[in-house]
Amino acid sequence: MKEYQTITEISGPLVYAEVDEAIGYDEIVEIETAQGETLRGQVLESSEDVVAIQVFEGTSGIDRDASVRFLGETMKMPVTEDLLGRVLDGSGRPIDDGPEIVPEERQDIVGAAINPYSREYPEEFIETGVSAIDGMNTLVRGQKLPIFSSSGQPHSELAMQIARQASVPEEEEAGDDEEGSEFAVIFGAMGITQEEANEFMEDFERTGALERSVVFMNLADDPAVERTVTPRMVLTTAEYLAFEKDYHVLVILTDMTNYCEALREIGAAREEVPGRRGYPGYMYTDLAQLYERAGRIKGRDGSVTQIPILTMPGDDDTHPIPDLTGYITEGQIYVDPDLNSQGLQPPINVLPSLSRLMDDGIGEGLTRADHADVKDQMFAAYAEGEDLRDLVNIVGREALSELDNKYLDFADAFESEFIDQGFETNRDIDETLSIGWDLLSMLPKDALNRIDEEFIEEHYREDDSERKVVEAAD
(Lines give C-alpha, C1' and ligand atoms only; values in the text may rest on other atoms or scores of the structure.)
Protein backbone atom coordinates (compact mmCIF):
# COMPACT_ATOMS: atom_id res chain seq x y z
CA MET A 1 0.00 0.00 0.00
CA LYS A 2 1.61 3.24 -1.14
CA GLU A 3 1.71 6.32 1.04
CA TYR A 4 1.88 9.80 -0.44
CA GLN A 5 2.84 13.17 1.07
CA THR A 6 1.79 15.09 -2.01
CA ILE A 7 -1.23 17.18 -0.96
CA THR A 8 -1.35 20.22 -3.27
CA GLU A 9 -4.63 21.94 -2.36
CA ILE A 10 -7.41 21.90 0.24
CA SER A 11 -10.79 23.32 -0.85
CA GLY A 12 -13.80 23.07 1.51
CA PRO A 13 -14.38 19.34 2.18
CA LEU A 14 -11.98 18.33 -0.64
CA VAL A 15 -8.28 17.50 -0.60
CA TYR A 16 -6.26 17.30 -3.83
CA ALA A 17 -3.18 15.07 -3.95
CA GLU A 18 -0.67 14.16 -6.71
CA VAL A 19 -0.29 10.45 -7.49
CA ASP A 20 1.83 8.33 -9.84
CA GLU A 21 -0.54 5.36 -10.27
CA ALA A 22 -4.14 4.72 -11.31
CA ILE A 23 -6.52 5.30 -8.39
CA GLY A 24 -10.07 3.97 -8.55
CA TYR A 25 -13.18 6.17 -8.31
CA ASP A 26 -14.92 5.85 -4.89
CA GLU A 27 -11.79 4.22 -3.40
CA ILE A 28 -11.42 4.67 0.37
CA VAL A 29 -8.54 6.80 1.62
CA GLU A 30 -6.90 7.27 5.02
CA ILE A 31 -5.30 10.63 5.71
CA GLU A 32 -2.91 10.82 8.66
CA THR A 33 -2.37 14.37 9.94
CA ALA A 34 0.87 15.69 11.44
CA GLN A 35 -0.84 15.42 14.87
CA GLY A 36 -1.29 11.66 14.40
CA GLU A 37 -5.07 11.79 13.74
CA THR A 38 -6.42 9.43 11.06
CA LEU A 39 -9.26 10.73 8.88
CA ARG A 40 -11.28 8.76 6.32
CA GLY A 41 -12.13 9.94 2.84
CA GLN A 42 -13.30 8.78 -0.55
CA VAL A 43 -11.95 9.45 -4.05
CA LEU A 44 -14.37 11.74 -5.85
CA GLU A 45 -12.37 12.40 -9.00
CA SER A 46 -9.33 10.65 -10.42
CA SER A 47 -7.01 11.60 -13.27
CA GLU A 48 -3.55 10.30 -14.21
CA ASP A 49 -1.66 12.52 -11.81
CA VAL A 50 -4.14 14.20 -9.40
CA VAL A 51 -7.03 12.85 -7.29
CA ALA A 52 -9.77 14.78 -5.46
CA ILE A 53 -10.65 13.25 -2.09
CA GLN A 54 -13.76 14.12 -0.07
CA VAL A 55 -12.95 13.82 3.64
CA PHE A 56 -15.79 12.54 5.83
CA GLU A 57 -14.65 14.18 9.07
CA GLY A 58 -13.90 17.57 7.45
CA THR A 59 -10.52 18.95 6.40
CA SER A 60 -9.53 20.86 9.56
CA GLY A 61 -6.11 19.75 10.79
CA ILE A 62 -4.96 18.58 7.35
CA ASP A 63 -1.92 20.33 5.86
CA ARG A 64 0.75 19.54 3.25
CA ASP A 65 2.63 17.35 5.74
CA ALA A 66 -0.31 14.94 6.04
CA SER A 67 0.17 11.52 4.48
CA VAL A 68 -2.40 9.88 2.17
CA ARG A 69 -2.97 6.11 1.90
CA PHE A 70 -5.22 4.55 -0.75
CA LEU A 71 -6.78 1.32 0.55
CA GLY A 72 -7.69 -0.18 -2.82
CA GLU A 73 -11.36 -0.85 -1.94
CA THR A 74 -14.65 1.03 -1.97
CA MET A 75 -16.53 1.93 1.20
CA LYS A 76 -18.21 -1.03 2.86
CA MET A 77 -20.83 -1.39 5.60
CA PRO A 78 -20.25 -4.13 8.19
CA VAL A 79 -23.63 -5.91 8.37
CA THR A 80 -25.11 -8.38 10.83
CA GLU A 81 -28.51 -9.09 12.38
CA ASP A 82 -27.01 -7.84 15.67
CA LEU A 83 -27.29 -4.26 14.33
CA LEU A 84 -30.95 -4.29 15.43
CA GLY A 85 -31.28 -2.21 18.59
CA ARG A 86 -28.08 -0.27 17.88
CA VAL A 87 -27.41 3.45 17.28
CA LEU A 88 -24.68 4.38 14.78
CA ASP A 89 -23.23 7.64 13.51
CA GLY A 90 -23.67 8.77 9.90
CA SER A 91 -20.78 6.65 8.67
CA GLY A 92 -21.81 3.44 10.44
CA ARG A 93 -19.77 3.52 13.68
CA PRO A 94 -21.56 2.69 16.98
CA ILE A 95 -22.27 5.68 19.25
CA ASP A 96 -24.46 3.95 21.86
CA ASP A 97 -21.69 2.63 24.18
CA GLY A 98 -22.78 -0.90 23.28
CA PRO A 99 -20.49 -3.84 22.53
CA GLU A 100 -18.35 -3.86 19.41
CA ILE A 101 -20.24 -5.01 16.32
CA VAL A 102 -18.89 -8.25 14.85
CA PRO A 103 -20.05 -8.25 11.22
CA GLU A 104 -21.18 -11.34 9.35
CA GLU A 105 -19.99 -9.68 6.17
CA ARG A 106 -19.00 -6.31 4.74
CA GLN A 107 -21.12 -5.06 1.84
CA ASP A 108 -20.41 -2.32 -0.69
CA ILE A 109 -22.53 0.73 0.22
CA VAL A 110 -23.26 1.64 -3.41
CA GLY A 111 -25.33 -1.53 -3.75
CA ALA A 112 -26.47 -3.22 -6.93
CA ALA A 113 -29.65 -2.02 -8.65
CA ILE A 114 -32.50 -4.52 -8.58
CA ASN A 115 -32.86 -6.06 -12.03
CA PRO A 116 -36.35 -4.95 -13.26
CA TYR A 117 -37.04 -8.52 -14.44
CA SER A 118 -36.41 -9.81 -10.89
CA ARG A 119 -38.67 -7.24 -9.20
CA GLU A 120 -41.85 -8.48 -7.57
CA TYR A 121 -44.77 -6.07 -7.95
CA PRO A 122 -45.52 -4.38 -4.57
CA GLU A 123 -49.04 -5.25 -3.42
CA GLU A 124 -49.11 -6.10 0.30
CA PHE A 125 -50.43 -3.58 2.78
CA ILE A 126 -48.22 -2.03 5.50
CA GLU A 127 -50.25 -0.70 8.42
CA THR A 128 -48.85 2.57 9.83
CA GLY A 129 -51.69 3.14 12.32
CA VAL A 130 -52.23 6.61 10.80
CA SER A 131 -55.74 6.90 9.29
CA ALA A 132 -54.82 9.58 6.72
CA ILE A 133 -52.19 7.20 5.29
CA ASP A 134 -53.79 3.75 5.81
CA GLY A 135 -57.29 4.81 4.79
CA MET A 136 -56.64 7.35 2.04
CA ASN A 137 -53.05 6.88 0.75
CA THR A 138 -52.12 3.33 1.68
CA LEU A 139 -48.46 2.33 1.92
CA VAL A 140 -47.57 -0.92 0.16
CA ARG A 141 -44.64 -3.24 0.88
CA GLY A 142 -41.75 -2.41 -1.46
CA GLN A 143 -43.05 1.09 -2.25
CA LYS A 144 -41.22 4.41 -1.93
CA LEU A 145 -43.65 7.01 -0.56
CA PRO A 146 -42.11 10.37 0.46
CA ILE A 147 -43.50 12.83 2.99
CA PHE A 148 -43.44 16.43 1.70
CA SER A 149 -43.23 18.90 4.56
CA SER A 150 -41.82 22.35 5.24
CA SER A 151 -39.77 23.99 7.93
CA GLY A 152 -41.51 24.12 11.32
CA GLN A 153 -44.01 21.33 10.56
CA PRO A 154 -44.24 18.24 12.82
CA HIS A 155 -42.84 15.79 10.24
CA SER A 156 -40.40 14.44 12.87
CA GLU A 157 -43.34 13.49 15.11
CA LEU A 158 -45.03 11.78 12.15
CA ALA A 159 -41.80 9.92 11.34
CA MET A 160 -41.53 8.72 14.94
CA GLN A 161 -45.19 7.66 14.95
CA ILE A 162 -44.75 5.60 11.78
CA ALA A 163 -41.47 4.07 13.03
CA ARG A 164 -43.19 3.11 16.29
CA GLN A 165 -46.49 1.80 14.89
CA ALA A 166 -45.75 0.33 11.46
CA SER A 167 -46.50 -3.37 11.11
CA VAL A 168 -47.30 -6.04 8.54
CA PRO A 169 -50.78 -7.32 9.56
CA GLU A 170 -50.68 -10.83 8.11
CA GLU A 171 -47.29 -11.53 9.66
CA GLU A 172 -48.77 -10.77 13.08
CA GLU A 173 -51.68 -13.13 12.39
CA ALA A 174 -49.24 -15.91 11.44
CA GLY A 175 -48.22 -16.11 15.11
CA ASP A 176 -45.03 -17.44 16.58
CA ASP A 177 -45.52 -21.04 15.40
CA GLU A 178 -45.42 -20.31 11.71
CA GLU A 179 -42.32 -19.14 9.91
CA GLY A 180 -43.01 -15.52 8.94
CA SER A 181 -40.80 -12.59 7.98
CA GLU A 182 -40.04 -10.22 10.81
CA PHE A 183 -40.51 -6.47 10.63
CA ALA A 184 -37.66 -3.99 11.14
CA VAL A 185 -37.30 -0.22 10.91
CA ILE A 186 -34.09 1.46 9.78
CA PHE A 187 -34.03 5.13 10.62
CA GLY A 188 -31.52 7.40 8.88
CA ALA A 189 -31.28 10.99 10.16
CA MET A 190 -29.26 13.49 8.12
CA GLY A 191 -28.34 16.97 9.29
CA ILE A 192 -30.77 17.04 12.22
CA THR A 193 -30.14 19.09 15.37
CA GLN A 194 -28.95 17.56 18.65
CA GLU A 195 -32.35 18.45 20.12
CA GLU A 196 -34.19 16.49 17.39
CA ALA A 197 -31.77 13.58 17.82
CA ASN A 198 -32.49 13.49 21.57
CA GLU A 199 -36.26 13.50 20.90
CA PHE A 200 -35.94 10.61 18.44
CA MET A 201 -33.81 8.57 20.82
CA GLU A 202 -36.07 9.22 23.84
CA ASP A 203 -39.10 8.15 21.79
CA PHE A 204 -37.40 5.01 20.46
CA GLU A 205 -36.28 3.99 23.95
CA ARG A 206 -39.53 4.92 25.73
CA THR A 207 -41.72 2.89 23.38
CA GLY A 208 -39.38 -0.06 22.91
CA ALA A 209 -39.25 0.59 19.14
CA LEU A 210 -35.44 0.57 19.30
CA GLU A 211 -35.41 -3.22 19.76
CA ARG A 212 -36.47 -3.77 16.15
CA SER A 213 -34.67 -0.72 14.73
CA VAL A 214 -31.26 0.36 13.52
CA VAL A 215 -30.67 4.11 13.92
CA PHE A 216 -28.12 6.12 11.93
CA MET A 217 -27.53 9.67 13.22
CA ASN A 218 -25.79 12.40 11.20
CA LEU A 219 -26.17 15.66 13.12
CA ALA A 220 -26.22 19.22 11.79
CA ASP A 221 -22.70 19.90 13.08
CA ASP A 222 -21.31 16.69 11.55
CA PRO A 223 -19.48 17.13 8.23
CA ALA A 224 -21.74 17.57 5.20
CA VAL A 225 -19.71 14.97 3.30
CA GLU A 226 -20.73 12.28 5.81
CA ARG A 227 -24.34 13.12 4.94
CA THR A 228 -23.81 11.78 1.40
CA VAL A 229 -22.75 8.41 2.83
CA THR A 230 -25.48 8.02 5.50
CA PRO A 231 -28.43 6.98 3.24
CA ARG A 232 -26.20 4.48 1.44
CA MET A 233 -25.18 2.94 4.78
CA VAL A 234 -28.87 2.79 5.76
CA LEU A 235 -29.96 1.14 2.51
CA THR A 236 -27.10 -1.38 2.51
CA THR A 237 -28.18 -2.48 6.00
CA ALA A 238 -31.82 -2.61 4.84
CA GLU A 239 -30.99 -4.76 1.79
CA TYR A 240 -28.99 -7.18 3.92
CA LEU A 241 -31.81 -7.65 6.46
CA ALA A 242 -34.47 -7.85 3.73
CA PHE A 243 -32.88 -10.04 1.08
CA GLU A 244 -30.55 -12.19 3.18
CA LYS A 245 -32.41 -12.39 6.50
CA ASP A 246 -36.01 -12.16 5.18
CA TYR A 247 -37.09 -9.09 7.16
CA HIS A 248 -39.73 -6.65 5.95
CA VAL A 249 -37.74 -3.45 6.35
CA LEU A 250 -39.22 0.05 6.52
CA VAL A 251 -36.57 2.70 5.81
CA ILE A 252 -37.27 6.24 7.06
CA LEU A 253 -34.85 8.89 5.77
CA THR A 254 -35.04 12.40 7.20
CA ASP A 255 -34.24 14.98 5.94
CA MET A 256 -33.49 14.49 2.21
CA THR A 257 -33.23 18.27 1.81
CA ASN A 258 -30.13 18.25 4.04
CA TYR A 259 -28.70 15.45 1.89
CA CYS A 260 -29.23 17.49 -1.30
CA GLU A 261 -27.68 20.58 0.33
CA ALA A 262 -24.57 18.46 1.01
CA LEU A 263 -24.47 17.50 -2.68
CA ARG A 264 -24.67 21.20 -3.59
CA GLU A 265 -21.86 22.06 -1.16
CA ILE A 266 -19.56 19.39 -2.60
CA GLY A 267 -20.47 20.44 -6.16
CA ALA A 268 -19.53 24.05 -5.34
CA ALA A 269 -16.19 22.93 -3.84
CA ARG A 270 -15.46 20.99 -7.05
CA GLU A 271 -16.40 24.09 -9.09
CA GLU A 272 -18.94 22.10 -11.11
CA VAL A 273 -21.32 23.88 -13.45
CA PRO A 274 -24.50 24.15 -11.33
CA GLY A 275 -27.97 23.06 -12.45
CA ARG A 276 -31.34 24.41 -11.22
CA ARG A 277 -30.99 26.71 -8.19
CA GLY A 278 -27.35 25.78 -7.76
CA TYR A 279 -27.92 22.04 -7.25
CA PRO A 280 -25.72 19.66 -9.28
CA GLY A 281 -27.07 18.56 -12.65
CA TYR A 282 -26.70 14.91 -11.61
CA MET A 283 -28.97 15.27 -8.53
CA TYR A 284 -31.82 13.42 -10.30
CA THR A 285 -29.53 10.44 -10.96
CA ASP A 286 -28.15 10.56 -7.43
CA LEU A 287 -31.63 10.57 -5.83
CA ALA A 288 -32.78 7.79 -8.16
CA GLN A 289 -29.83 5.63 -7.05
CA LEU A 290 -31.15 5.90 -3.49
CA TYR A 291 -34.91 5.68 -4.04
CA GLU A 292 -34.71 2.78 -6.51
CA ARG A 293 -33.16 0.60 -3.82
CA ALA A 294 -36.68 0.04 -2.48
CA GLY A 295 -38.59 -2.98 -3.66
CA ARG A 296 -39.14 -6.72 -3.54
CA ILE A 297 -37.25 -9.46 -5.35
CA LYS A 298 -38.86 -12.60 -6.80
CA GLY A 299 -38.11 -15.65 -4.69
CA ARG A 300 -37.13 -13.61 -1.61
CA ASP A 301 -39.44 -13.20 1.37
CA GLY A 302 -38.10 -9.83 2.52
CA SER A 303 -38.83 -6.33 1.22
CA VAL A 304 -37.46 -2.78 1.46
CA THR A 305 -40.06 0.01 1.76
CA GLN A 306 -38.93 3.64 1.86
CA ILE A 307 -40.44 6.75 3.44
CA PRO A 308 -38.07 9.62 2.63
CA ILE A 309 -38.98 12.88 4.39
CA LEU A 310 -38.06 16.23 2.88
CA THR A 311 -38.71 19.81 3.91
CA MET A 312 -39.68 21.85 0.87
CA PRO A 313 -37.84 25.21 0.95
CA GLY A 314 -40.51 27.93 1.15
CA ASP A 315 -43.23 25.21 1.10
CA ASP A 316 -42.71 25.14 -2.68
CA ASP A 317 -43.30 21.75 -4.31
CA THR A 318 -41.81 23.01 -7.61
CA HIS A 319 -38.42 23.33 -5.87
CA PRO A 320 -35.90 20.88 -7.47
CA ILE A 321 -35.74 18.53 -4.45
CA PRO A 322 -39.51 17.70 -4.15
CA ASP A 323 -39.90 18.03 -7.92
CA LEU A 324 -37.26 15.38 -8.74
CA THR A 325 -38.37 13.20 -5.80
CA GLY A 326 -41.94 13.24 -7.15
CA TYR A 327 -40.74 11.95 -10.54
CA ILE A 328 -38.85 9.00 -9.03
CA THR A 329 -41.17 7.88 -6.22
CA GLU A 330 -44.70 6.44 -6.20
CA GLY A 331 -46.69 9.31 -4.74
CA GLN A 332 -46.33 11.71 -1.82
CA ILE A 333 -47.89 12.57 1.56
CA TYR A 334 -48.32 16.31 2.18
CA VAL A 335 -47.91 17.77 5.67
CA ASP A 336 -50.03 20.92 5.53
CA PRO A 337 -49.13 24.19 7.37
CA ASP A 338 -52.79 25.34 7.48
CA LEU A 339 -53.99 22.10 9.09
CA ASN A 340 -51.04 22.29 11.48
CA SER A 341 -51.99 25.83 12.51
CA GLN A 342 -55.50 24.48 13.33
CA GLY A 343 -53.85 22.00 15.70
CA LEU A 344 -54.53 18.79 13.71
CA GLN A 345 -52.19 15.91 14.52
CA PRO A 346 -50.87 14.71 12.13
CA PRO A 347 -51.67 17.62 9.76
CA ILE A 348 -51.82 15.52 6.58
CA ASN A 349 -53.70 17.04 3.65
CA VAL A 350 -55.15 14.02 1.85
CA LEU A 351 -56.30 15.89 -1.28
CA PRO A 352 -52.89 16.60 -2.90
CA SER A 353 -51.44 13.44 -1.32
CA LEU A 354 -51.24 10.31 -3.46
CA SER A 355 -50.12 6.71 -3.21
CA ARG A 356 -49.81 5.39 -6.77
CA LEU A 357 -49.62 1.74 -5.69
CA MET A 358 -52.53 1.94 -3.27
CA ASP A 359 -55.14 0.25 -5.47
CA ASP A 360 -53.11 -2.97 -5.63
CA GLY A 361 -52.54 -3.10 -1.88
CA ILE A 362 -56.12 -2.77 -0.61
CA GLY A 363 -59.34 -4.72 -0.86
CA GLU A 364 -60.51 -8.18 0.13
CA GLY A 365 -57.76 -10.35 1.59
CA LEU A 366 -55.45 -7.35 1.99
CA THR A 367 -57.35 -4.70 4.00
CA ARG A 368 -61.14 -4.94 3.60
CA ALA A 369 -63.50 -5.36 0.65
CA ASP A 370 -65.11 -1.92 1.09
CA HIS A 371 -61.81 0.00 1.46
CA ALA A 372 -61.51 1.32 -2.12
CA ASP A 373 -65.14 2.50 -2.26
CA VAL A 374 -64.95 4.21 1.16
CA LYS A 375 -61.72 5.96 0.17
CA ASP A 376 -63.16 7.21 -3.16
CA GLN A 377 -66.35 8.47 -1.52
CA MET A 378 -64.48 10.27 1.29
CA PHE A 379 -62.12 11.93 -1.20
CA ALA A 380 -65.10 13.16 -3.25
CA ALA A 381 -67.09 14.36 -0.22
CA TYR A 382 -64.10 16.12 1.37
CA ALA A 383 -63.18 17.82 -1.92
CA GLU A 384 -66.80 18.98 -2.28
CA GLY A 385 -66.75 20.33 1.28
CA GLU A 386 -63.47 22.17 0.63
CA ASP A 387 -64.91 23.84 -2.48
CA LEU A 388 -68.03 24.87 -0.55
CA ARG A 389 -65.91 26.48 2.20
CA ASP A 390 -64.71 29.01 -0.38
CA LEU A 391 -68.30 29.63 -1.47
CA VAL A 392 -69.52 30.10 2.13
CA ASN A 393 -67.00 32.91 2.58
CA ILE A 394 -68.84 34.79 -0.19
CA VAL A 395 -72.54 33.93 0.20
CA GLY A 396 -72.85 32.52 3.77
CA ARG A 397 -74.24 29.13 4.87
CA GLU A 398 -77.89 30.22 4.63
CA ALA A 399 -77.62 30.48 0.84
CA LEU A 400 -76.57 26.84 0.51
CA SER A 401 -78.83 23.83 0.08
CA GLU A 402 -79.35 21.25 2.82
CA LEU A 403 -77.03 18.77 1.05
CA ASP A 404 -74.31 21.41 0.66
CA ASN A 405 -74.48 22.10 4.38
CA LYS A 406 -74.06 18.38 5.04
CA TYR A 407 -70.92 18.37 2.87
CA LEU A 408 -69.58 21.30 4.89
CA ASP A 409 -70.28 19.42 8.13
CA PHE A 410 -68.64 16.34 6.62
CA ALA A 411 -65.44 18.28 5.78
CA ASP A 412 -65.23 19.63 9.37
CA ALA A 413 -65.88 16.20 10.90
CA PHE A 414 -63.44 14.52 8.47
CA GLU A 415 -60.63 16.78 9.73
CA SER A 416 -61.52 16.61 13.42
CA GLU A 417 -62.35 12.87 13.64
CA PHE A 418 -60.52 11.12 10.81
CA ILE A 419 -57.34 13.16 10.23
CA ASP A 420 -56.82 14.44 13.78
CA GLN A 421 -55.96 11.34 15.80
CA GLY A 422 -52.90 12.55 17.75
CA PHE A 423 -49.33 11.32 17.44
CA GLU A 424 -49.78 8.65 20.13
CA THR A 425 -52.90 6.93 18.72
CA ASN A 426 -52.48 3.72 16.77
CA ARG A 427 -55.56 2.80 14.68
CA ASP A 428 -55.85 -0.49 12.86
CA ILE A 429 -57.44 -0.53 9.41
CA ASP A 430 -60.84 -1.71 10.72
CA GLU A 431 -61.02 1.23 13.12
CA THR A 432 -59.99 3.65 10.34
CA LEU A 433 -62.70 2.34 7.99
CA SER A 434 -65.26 2.31 10.81
CA ILE A 435 -64.64 6.03 11.42
CA GLY A 436 -64.98 6.50 7.66
CA TRP A 437 -68.45 4.93 7.72
CA ASP A 438 -69.43 7.08 10.73
CA LEU A 439 -68.60 10.14 8.65
CA LEU A 440 -70.21 8.92 5.42
CA SER A 441 -73.39 8.19 7.37
CA MET A 442 -73.73 11.97 7.83
CA LEU A 443 -74.60 12.12 4.11
CA PRO A 444 -77.85 10.80 2.63
CA LYS A 445 -77.64 7.33 1.06
CA ASP A 446 -78.32 8.63 -2.45
CA ALA A 447 -75.23 10.87 -2.21
CA LEU A 448 -72.98 7.82 -1.80
CA ASN A 449 -72.66 7.26 -5.54
CA ARG A 450 -69.14 5.77 -5.43
CA ILE A 451 -69.96 2.88 -3.08
CA ASP A 452 -71.37 -0.51 -3.98
CA GLU A 453 -74.96 -1.06 -2.79
CA GLU A 454 -74.09 -4.13 -0.73
CA PHE A 455 -71.47 -2.19 1.27
CA ILE A 456 -74.00 0.58 1.97
CA GLU A 457 -76.50 -2.01 3.21
CA GLU A 458 -73.88 -3.58 5.46
CA HIS A 459 -72.13 -0.52 6.91
CA TYR A 460 -74.34 2.59 6.56
CA ARG A 461 -75.63 3.82 9.93
CA GLU A 462 -79.15 5.19 9.52
CA ASP A 463 -79.38 6.61 13.04
CA ASP A 464 -76.03 8.40 12.70
CA SER A 465 -76.99 10.78 9.90
CA GLU A 466 -79.44 12.91 11.92
CA ARG A 467 -77.37 12.78 15.12
CA LYS A 468 -74.14 13.78 13.41
CA VAL A 469 -75.72 16.77 11.69
CA VAL A 470 -77.15 17.98 15.00
CA GLU A 471 -73.77 17.51 16.72
CA ALA A 472 -71.96 19.39 13.95
CA ALA A 473 -74.49 22.22 14.14
CA ASP A 474 -74.00 22.48 17.93
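As the structure is a prediction and not an experimental result, all values here were calculated from the model. Here, residue 1 is the first one in the sequence, and each next residue gets the next number.
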With sequence neighbours left out, write down each residue that passes salt bridge (charged side-chain N to carboxylate O under 4.0 Å, His left out) with D82, or none if nothing qualifies. none
How far apart are the C-alpha atoms of E261 and R227, what are their side-chain angles, what is the distance that settles it, and do they pass the side chain to side chain contact (heavy atoms under 4.5 Å, CB included) test? CA-CA 9 Å; E261 294 296 343; R227 227 155 280 162; over 6 Å; no
Check this for me: E81, atom CD, are more than 12 non-hydrogen atoms of other residues, nucleotides or ligands nearer than 6.0 Å? yes
Inter-residue atom distance L290.CG - T285.OG1, 0.5 Å rounding: 11.0 Å
Is a salt bridge present between D316 and R277, judged by a nitrogen-to-oxygen distance below 4.0 Å? yes
According to salt bridge (charged side-chain N to carboxylate O under 4.0 Å, His left out), who are the partners of R389, at least two apart in sequence or on a separate chain? E386, D412, E415
Flag side-chain contact, heavy atom, 4.5 Å: L250 against T128: no
Looking at R368 and E458, is any side-chain nitrogen of the basic one under 4.0 Å from a carboxylate oxygen of the acidic one? no
Under the 3.5 angstrom rule, does the side chain of Q194 hit a backbone N or O of D221 as a donor-acceptor pair? no
Hey, are D203 and R206 close enough for a salt bridge, meaning a charged N less than 4.0 Å from a carboxylate O? yes
So among D373, I435, L448, which one has a side-chain contact (heavy atoms from CB on, under 4.5 Å) with L440? L448
For P13 against V225, the heavy-atom pair lying closest together: CB-CG2, 3.3 Å
What closest approach, in Å, do G361 and V140 show between heavy atoms, and which atom pair accounts for it? CA-CG2, 4.0 Å
Other residues, nucleotides, ligands: >12 heavy atoms within 6.0 Å of Y327 OH: no
On a heavy-atom basis, which atom in R427 and which in D134 lie closest, and how many Å separate them? O-OD2, 4.1 Å
In E124, E123, H248, the residue satisfying side-chain hydrogen bond (donor to acceptor under 3.5 Å, both in side chains) with R296 is E124
Any donor-acceptor pair under 3.5 Å linking the side chain of D96 with the backbone of V87? yes
Residue pair F414, V350: steps toward the side chain to side chain contact (heavy atoms under 4.5 Å, CB included) verdict: CA-CA 11 Å; F414 180 78; V350 299; 3.8 Å; yes
With distance as the sole test, does E330 use its side chain to make a donor-acceptor pair with the main-chain N or O of M358 at under 3.5 Å? no
Could you walk me through whether Q143 and S355 satisfy the side chain to side chain donor-acceptor pair (under 3.5 Å) test, starting with their C-alpha distance in whole Å, then the side-chain angles of each, then the deciding distance to 0.1 Å, before giving a yes or no? CA-CA 9 Å; Q143 185 176 8; S355 170; 3.0 Å; yes
Separation of T230 OG1 from I109 CD1 (nearest 0.5 Å): 9.0 Å
Donor-acceptor pair, T254 side chain versus I309 backbone, under 3.5 Å? no
Residues K144 and E292 bridged, charged N to O under 4.0 Å: yes
What closest approach, in Å, do Y247 and A184 show between heavy atoms, and which atom pair accounts for it? CD2-CB, 3.7 Å
Atom of L219, atom of A197 and distance for their closest heavy-atom approach: CD2-CB, 3.5 Å
Candidate pair F148 and H319, rule ring-ring contact (aromatic ring centres under 6.0 Å, His included), full reasoning: CA-CA 11 Å; F148 285 7; H319 185 278; over 10 Å; no
Ion pair check, K245 and E104, cut-off under 4.0 Å: yes
How close do V335 and P154 get, heavy atom to heavy atom, and via which atoms? CG1-CD, 4.3 Å
Just verifying a value: how many Å separate M283 CE and Y259 OH, rounded to the nearest 0.5 Å? 10.0 Å
Residue that, paired with T236, satisfies side-chain hydrogen bond (donor to acceptor under 3.5 Å, both in side chains) out of Q107, K76, R293: R293
Of T325, T329, D286, the one forming a side-chain hydrogen bond (donor to acceptor under 3.5 Å, both in side chains) with Y291 is T325
For the residue pair F200 and F204, categorise the inter-ring angle as parallel (less than 30°), tilted (30 to 60°) or perpendicular (more than 60°). tilted
Where does the angle between the aromatic ring planes of H459 and W437 fall among parallel (under 30°), tilted (30 to 60°) and perpendicular (over 60°)? parallel
Does a side-chain N-to-carboxylate-O contact under 4.0 Å join R212 and E182? no
